[in-house]
Engineer: 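My questions will all concern the structure given below.
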Amino acid sequence: MSSNQPSATALAATLPHLLPDDANARLLLFAFRRMGAHGLNDAHAAQAVMDGFGAQFRRPLTLLRAMMADLAGAATCPIAIAPCCCRRTTHAEHALLTIVARAETAPGSARLLLGDLIGVRNPDGVLASVTLAAQAFADAGRPIVVS
C-alpha cells in the first residue's frame, strides 16, 4: 500500500534546519511565516508580536511588515516558507534569520546573504528594512540570536 506521505529523506532535503533555540528568533520566524502565507495584516502574526512585546509592540510589528513588503517587492525568486506549525526551517528561512542576526554586527555578510536570498545584486534597500526590524527587536530587549 503506497502512502502520500513524503519520505524522511525528502523532508530533510526540504526542511534541513531545526527550529532555532532562541525564543526571539522563533517569534520572528512565526510572524514571517504568517505574514508570508496570509498577508501583512495577519491577525495571528500581530497577536504573537503583541504578546511578545507587550505595550511596545507597534514598532516591531510595523517594521516587520515593512521588511516583509520590501522582501516581497524586491525578490526576483521565490522564498520558501514552511507552515507555521513546522518544527524545522527551509534554507530560505534559516538564511533570513541569519541575515537578521547579522544585520547590525556583520552587515557585509548580511548583505551578501540577502542578495543571494532575494536574487538581486544590490539589496541595500531591503537590508535597511531588515536592519531596522533587527534593531526594533534588540531595542525591546529581544535581540535575534542564531547559532
Side-chain angles (χ1 to χ4, degrees), residues 6 9-147:
T9 306
L11 283 176
T14 305
L15 301 164
H17 304 281
L18 294 173
L19 202 63
D21 291 332
D22 180 48
N24 304 329
R26 287 193 311 269
L27 173 60
L28 184 134
L29 180 62
F30 178 80
F32 175 77
R33 287 175 170 178
R34 289 296 307 189
M35 288 183 202
H38 302 284
L40 299 179
N41 293 319
D42 181 70
H44 293 286
Q47 184 65 50
V49 174
M50 288 172 63
D51 290 346
F53 288 92
Q56 304 302 318
F57 76 93
R58 286 176 188 81
R59 180 175 172 231
L61 180 59
T62 301
L63 291 172
L64 277 175
R65 287 175 172 162
M67 180 188 83
M68 292 296 293
D70 284 349
L71 280 169
T76 61
C77 53
I79 299 173
I81 299 174
C84 292
C85 61
C86 191
R87 304 273 305 155
R88 299 186 66 84
T89 64
T90 66
H91 282 299
E93 291 170 335
H94 183 73
L96 180 73
L97 291 172
T98 303
I99 292 163
V100 173
R102 293 180 184 175
E104 289 188 273
T105 59
S109 171
R111 183 179 188 276
L112 290 173
L113 285 171
L114 182 59
D116 287 346
L117 177 65
I118 63 175
V120 298
R121 293 184 75 156
N122 185 4
D124 293 339
V126 180
L127 183 59
S129 293
V130 171
T131 303
L132 287 171
Q135 287 173 344
F137 271 67
D139 290 349
R142 297 198 66 147
I144 305 300
V145 179
V146 178
S147 51

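Keep in mind the model is a prediction, meaning the values are calculated, not measured.
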Engineer: I'd like to check the ring-ring contact (aromatic ring centres under 6.0 Å, His included) partners of Phe53; sequence neighbours left out, ordered by chain and number.
Structural biologist: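 For Phe53, the residues satisfying ring-ring contact (aromatic ring centres under 6.0 Å, His included) (neighbours in sequence not counted) are Phe137.
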Engineer: To the nearest 0.5 angstrom, please state how far the CD1 atom of Ile79 sits from the CG atom of Leu96.
Structural biologist: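 Going from CD1 on Ile79 over to CG on Leu96, the span is 7.5 Å.
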Engineer: Could you tell me which non-hydrogen atom of Asn24 sits nearest to which non-hydrogen atom of Ile144, and how far apart they are?
Structural biologist: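 Looks like O-CD1, 3.4 Å.
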Engineer: Counting only heavy atoms not in Asp51 (residues, nucleotides, ligands), do more than 12 fall under 6.0 Å from its CG?
Structural biologist: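 Yes - once you tally the heavy atoms of other residues, nucleotides and ligands closer than 6.0 Å, there are more than 12.
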Engineer: Can you name the nearest heavy-atom pair linking Ala133 to Met67, along with the distance?
Structural biologist: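 Minimum heavy-atom separation between Ala133 and Met67: CB-SD, 4.1 Å.
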Engineer: Is the side chain of Arg26 donor-acceptor paired with the backbone N or O of Pro20 at a distance under 3.5 Å, no angle test?
Structural biologist: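 Judged by distance alone, yes, a pair lies under 3.5 Å.
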Engineer: Below 4.5 Å, heavy atoms only, C-beta onward: do Leu18 and Thr89 meet side chain to side chain?
Structural biologist: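 Not in contact.
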Engineer: Would you indicate whether the side-chain heavy atoms of Leu28 and Arg142 approach each other to under 4.5 Å?
Structural biologist: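 Side-chain contact under 4.5 Å: no.
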Engineer: Can you name the closest pair of heavy atoms from Asn122 and Asp124 and give their distance?
Structural biologist: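 Heavy-atom minimum between the residues: OD1-OD2, 2.7 Å.
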Engineer: Report all side-chain donor-acceptor pairs from residues 99-107 shorter than 3.5 Å, counting only partners two or more places apart or in another chain.
Structural biologist:
from	atom 1	to	atom 2	distance (Å)
Arg102	NH1	Ser109	OG	2.6
Glu104	OE2	Gln135	NE2	3.4

Engineer: Using only atom types and a distance under 3.5 Å, with no angle test, would you say the side chain of Asp22 pairs donor to acceptor with the backbone of Val146?
Structural biologist: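 No, Asp22 side chain to Val146 backbone: no donor-acceptor pair under 3.5 Å.
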Engineer: What salt bridge (charged side-chain N to carboxylate O under 4.0 Å, His left out) pairs are there with at least one residue in residues 32-43, not counting sequence neighbours?
Structural biologist: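 Non-adjacent pairs meeting salt bridge (charged side-chain N to carboxylate O under 4.0 Å, His left out): Arg33-Glu93, Arg34-Asp42.
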Engineer: Please round to the nearest 0.5 Å and tell me the distance separating atom CG of Leu64 and atom CG of Leu40.
Structural biologist: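 CG of Leu40 is found 10.0 Å from CG of Leu64.
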Engineer: Show every ring-ring contact (aromatic ring centres under 6.0 Å, His included) that has at least one partner inside residues 88-117, sequence neighbours left out.
Structural biologist: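 Output for this query lists His17-His91, His17-His94.
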Engineer: Could you report the tightest heavy-atom contact between Ala31 and Val49, atom names first, then the distance?
Structural biologist: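 Nearest heavy atoms, Ala31 then Val49: CB-CG2, 4.2 Å.
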Engineer: CG of Leu97 to CG of Leu113: how many Å apart, nearest 0.5 Å?
Structural biologist: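 Reported to 0.5 Å precision, the distance equals 11.5 Å.
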Engineer: Is any side-chain heavy atom of Arg87 closer than 4.5 Å to one of Leu15?
Structural biologist: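 Answer no - side chains too far apart.
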Engineer: First locate atom CG of Leu19, then atom CZ of Arg88, and finally report the distance between them rounded to the nearest 0.5 Å.
Structural biologist: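 Atom-to-atom, Leu19:CG and Arg88:CZ are 10.0 Å apart.
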Engineer: Between Thr90 (side chain) and Ile81 (backbone), is there a donor-acceptor pair under 3.5 Å?
Structural biologist: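 Checking the backbone N and O of Ile81 against the side chain of Thr90, no donor-acceptor pair under 3.5 Å is found.
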Engineer: May I have the list of side-chain donor-acceptor pairs in residues 68-78 shorter than 3.5 Å, sequence neighbours left out?
Structural biologist:
from	atom 1	to	atom 2	distance (Å)
Asp70	OD2	Ser129	OG	2.1
Thr76	OG1	Ile118	O	3.1
Thr76	OG1	Gly119	O	2.8

Engineer: If you measure from CD on Gln56 to CG on Leu61, what distance do you get to the nearest 0.5 Å?
Structural biologist: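 Atom-to-atom, Gln56:CD and Leu61:CG are 13.0 Å apart.
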Engineer: Taking only residues two or more places apart in sequence or in another chain, which ones pass ring-ring contact (aromatic ring centres under 6.0 Å, His included) with Phe32?
Structural biologist: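 For Phe32 there are no ring-ring contact (aromatic ring centres under 6.0 Å, His included) partners, ignoring immediate neighbours.
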